[in-house]
Amino acid sequence: MDWQKLITNKRLGQEIVHAERHDDRSEFKRDYDRLIFSAPFRRMQNKTQVFPLPGSIFVHNRLTHSLEVSSVGRSLGDDVSRALMKRHPELRGTLFEEIGTIVSAACLAHDMGNPPFGHSGERAIQAYFLEGPGRGLQAMVSPDFWSDITHFEGNANAFRLLTHRFRGRRDGGFVMTYSTLASIVKYPHSASLAGKKGKFGFFSTEAMLYKRIADEMGINREDVEGEGLRFCRHPLVYLVEAADDICYEIMDIEDAHKLKILSYDETEELLLGFFDEPTKANIHKRIIDEGVTDNNEKVVYMRACVIGKLENECVKVFVDNEDALLDGRFEGSLINGMPTLQREAYLRCVDVSMKKIYHSKIVLDVELSGYKIMDTLMNNFIGAAVSPEKFHSQQLIRRVSSQYDIQSDDLETRVMSVIDYISGMTDVYALDIYQKINGISLPVV
């Protein structure tokens with residue numbers, strides 16, 4: 001693959017006709033701004049990241065997480081750009097200089113397709129078709145569509161959200177640049193190739209859109225005869241992934257300390273584990289010299305040091321493996337390619353997170369409640385889409401926003417419209433609709 005083709009400001013839906021410009025923003029900065037000011041992005045402020053939405057103690061939601069990932073992603077992209085332009089002077093003065101902005105924009109969008117209640121919401125959508133009443137739909141839909149809905153994935157849904165032509169929009173999707181769109185597709189293959197992990201990058205309805213983007217940029221393709229599309233990753237996906245990996249793991253440790261799930265001593269040990277002894281001593285000295293006595297503030301300082309270290313190491317891994325990334329031969333993540341000290345420290349954080357954070361009572365309670373809410377919504381609204389002639393179905397259908405084509409003559413379109421509608425809900429809105437359709441609450445006038 002070639003950087004000159006991989007970095008393009010061509011827009012999906014505006015390949016021929018270009019809109020008139022009234023300012024000097026780059027096309028990638030326009031991507032960033034379109035995302036920041038969009039309703040789906042704003043809705044992430046009310047979607048669970050890991051912990052319940054905050055009460056007296058503020059922890060991360062999907063929106064604050066995405067903003068932090070975007071900040072780290074910009075640093076990764078800028079540093080990689082500077083390093084590689086020294087190696088390839090011919091890239092100076094080209095769009096390659098803007099990869100920091102591309103990665104930053106892609107980071108903003110990477111979680112926009114996630115349903116309410118995070119992974120619990122994903123599993124509820126999948127399980128409705130695999131284990132619940134939705135099993136009866138298999139005989140009524142195409143194999144590709146069945147594979148899509150039984151593997152429902154927030155990553156694929158983000159690509160759909162950014163590219164699908166929903167009703168009532170003035171154009172097709174967000175009209176993003178090819179490079180930004182390709183940079184969010186972490187699993188560039190169709191659902192039929194999802195494998196045991198169940199991860200894929202685009203629904204069958206958007207498969208040809210991704211193919212068009214990938215072919216234009218010269219992304220390597222692996223032909224899997226009769227089974228679906230599979231491409232190599234766009235190299236910038238690795239930077240988006242690294243920014244996400246760094247932020248969610250390290251920030252979850254900080255949040256767990258705030259919520260007293262982890263003690264200060266446990267948190268300090270985890271965060272300082274990324275550094276050698278002289279650097280640890282220097283961090284302690286800086287904390288003392290700057291008069292920091294509050295434990296939360298000490299954790300904030302150590303967390304900042306860790307993120308800076310991981311960002312630097314990931315840049316080195318990317319630059320050192322440029323050829324493998326461009327050939328599609330790089331395996332694993334940038335985190336996995338870091339030096340042993342940082343990689344093992346990261347894995348310790350992952351292990352502690354699994355045992356003490358993600359399986360903690362406060363997180364499990366949210367997952368249990370969220371699963372029940374999502375299952376109920378799926379059961380009611382998919383039932384309405386399958387049997388729209390029923391009186392109660394008509395009541396539910398009227399509840400769905402007009403941008404979703406739930407009254408289509410095509411069953412698959414109606415079912416996907418329900419998934420679009422439910423996956424776009426915030427946690428609080430999903431709870432509100434759940435209570436209303438179950439007669440638990442009445443609207444207050």
Side-chain angles (χ1 to χ4, degrees), residues 49-50 60 65-81 83-84 99-100 102-104 106-111 114 118-119 154-155 183-188 197 199 201 232-256 262 267 269-276 279 302-358:
Q49 173 64 13
V50 172
H60 289 81
H65 166 70
S66 296
L67 289 170
E68 289 169 350
V69 174
S70 179
S71 177
V72 173
R74 183 183 298 276
S75 296
L76 286 165
D78 287 343
D79 289 350
V80 164
S81 174
L84 290 183
I99 66 173
I102 299 170
V103 174
S104 183
C107 288
L108 284 183
H110 83 283
D111 268 354
N114 285 43
H119 295 304
N155 292 278
S183 296
I184 71 164
V185 183
K186 191 174 177 180
Y187 310 101
K197 291 186 177 181
K199 301 293 188 180
C232 295
R233 281 180 170 186
H234 189 293
L236 297 190
V237 170
Y238 289 94
L239 297 179
V240 175
E241 179 184 49
D244 187 29
D245 287 348
I246 291 169
C247 288
Y248 83 72
E249 192 55 62
I250 304 307
M251 299 311 299
D252 286 353
I253 297 293
E254 181 183 341
D255 282 348
L262 294 178
T267 306
E269 182 180 2
L270 287 170
L271 295 179
L272 292 184
F274 288 89
F275 305 100
D276 57 25
T279 306
M302 289 185 286
R303 176 261 297 161
C305 293
V306 172
I307 290 178
K309 180 63 174 176
L310 295 181
E311 191 271 341
N312 287 333
E313 294 298 339
C314 285
V315 169
K316 292 177 185 175
V317 176
F318 190 97
V319 173
D320 290 346
N321 290 276
E322 181 194 10
D323 289 342
L325 289 162
L326 289 174
D327 291 344
R329 293 182 288 104
F330 187 83
E331 295 184 0
S333 67
L334 299 181
I335 293 284
N336 291 338
M338 293 190 304
T340 302
L341 177 64
Q342 284 74 40
R343 185 174 68 253
E344 290 185 350
Y346 186 87
L347 291 175
R348 282 196 295 274
C349 288
V350 171
D351 184 58
V352 169
S353 295
M354 290 300 298
K355 292 175 179 176
K356 292 196 170 186
I357 300 177
Y358 307 140

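- The structure places CE of M338 at 8.0 Å from OG of S333, a figure rounded to the nearest 0.5 Å.
- Looking only at side-chain heavy atoms (C-beta outward), V69 and D111 stay at 4.5 Å or farther from each other.
- Residues that satisfy the side-chain hydrogen bond (donor to acceptor under 3.5 Å, both in side chains) test with D323, not counting sequence neighbours, are absent from this structure.
- In this structure, CG on L310 lies 11.5 Å from CG on L334, to the nearest 0.5 angstrom.
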Expected list for residues 347-356: side-chain donor-acceptor pairs under 3.5 angstrom, two or more places apart:
{"from": "D351", "atom 1": "OD2", "to": "K355", "atom 2": "NZ", "distance (Å)": "3.2"}
{"from": "S353", "atom 1": "OG", "to": "E249", "atom 2": "OE2", "distance (Å)": "2.5"}
{"from": "S353", "atom 1": "OG", "to": "C349", "atom 2": "O", "distance (Å)": "2.8"}
{"from": "K356", "atom 1": "NZ", "to": "E266", "atom 2": "OE2", "distance (Å)": "2.3"}

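- Atoms SG and CD1, on C314 and I246 in that order, are 4.0 Å from each other to the nearest 0.5 Å.
- Listed by chain and residue number, nothing satisfies the side-chain hydrogen bond (donor to acceptor under 3.5 Å, both in side chains) test with N321 (two or more places apart in sequence, or in another chain).
- Counting only residues at least two apart or on different chains, the ring-ring contact (aromatic ring centres under 6.0 Å, His included) pairs with a member in residues 313-340 are Y238-F330.
- With a 4.5 Å cut-off on side-chain heavy atoms, E311 and V315 count as touching.
- A donor-acceptor pair under 3.5 Å is formed between the side chain of S70 and the backbone N or O of S104.
- Side-chain contact between E241 and K186 is present, with heavy atoms from C-beta onward closer than 4.5 Å.
- Without hydrogens or angle criteria, R343 side chain to I335 main chain gives no donor-acceptor distance under 3.5 Å.
- Counting all heavy atoms, side chain and backbone alike, V72 lies closest to C247 at CG2-SG, 3.6 Å.
- Using a 4.5 Å cut-off on side-chain heavy atoms (C-beta onward), V319 and L84 make contact.
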* Asked: What do the steps show when you test L341 against F275 for side-chain contact (heavy atoms from CB on, under 4.5 Å), and what is the final call?
  -> CA-CA 7 Å; L341 177 64; F275 305 100; 5.6 Å; no

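- Minimum interatomic distance between D78 and G100 (heavy atoms only, all atoms of both residues): OD1-CA, 3.3 Å.
- Residues passing the side-chain hydrogen bond (donor to acceptor under 3.5 Å, both in side chains) test with S183: none are found, sequence neighbours excluded.
- Looking only at side-chain heavy atoms (C-beta outward), H110 and H65 come within less than 4.5 Å of each other.
- Within the 4.5 Å cutoff, the side chain of I250 has heavy atoms near those of the L271 side chain.
- Taking 4.5 Å as the limit, every side-chain heavy atom of C107 sits out of range of all side-chain heavy atoms of D244.
- Side chain of D276 to main chain of T279: a donor-acceptor pair is present (N/O by atom type, distance under 3.5 Å, no hydrogens or angles).
- With sequence neighbours excluded, the residues satisfying side-chain hydrogen bond (donor to acceptor under 3.5 Å, both in side chains) with E68 are H60.
- Contact of the I253 side chain with the T267 side chain is registered, since non-hydrogen atoms from C-beta on lie closer than 4.5 Å.
- Atom CD1 of I307 and atom CZ of F274 lie 10.0 Å apart (nearest 0.5 Å).
- In plain terms, the two heavy atoms of D79 and N312 that are nearest each other are OD2-OD1, 4.4 Å.
- Between L270 atom CG and M302 atom CE the span is 10.0 Å, to the nearest 0.5 Å.
- Between L236 atom CG and I184 atom CD1 the span is 12.5 Å, to the nearest 0.5 Å.
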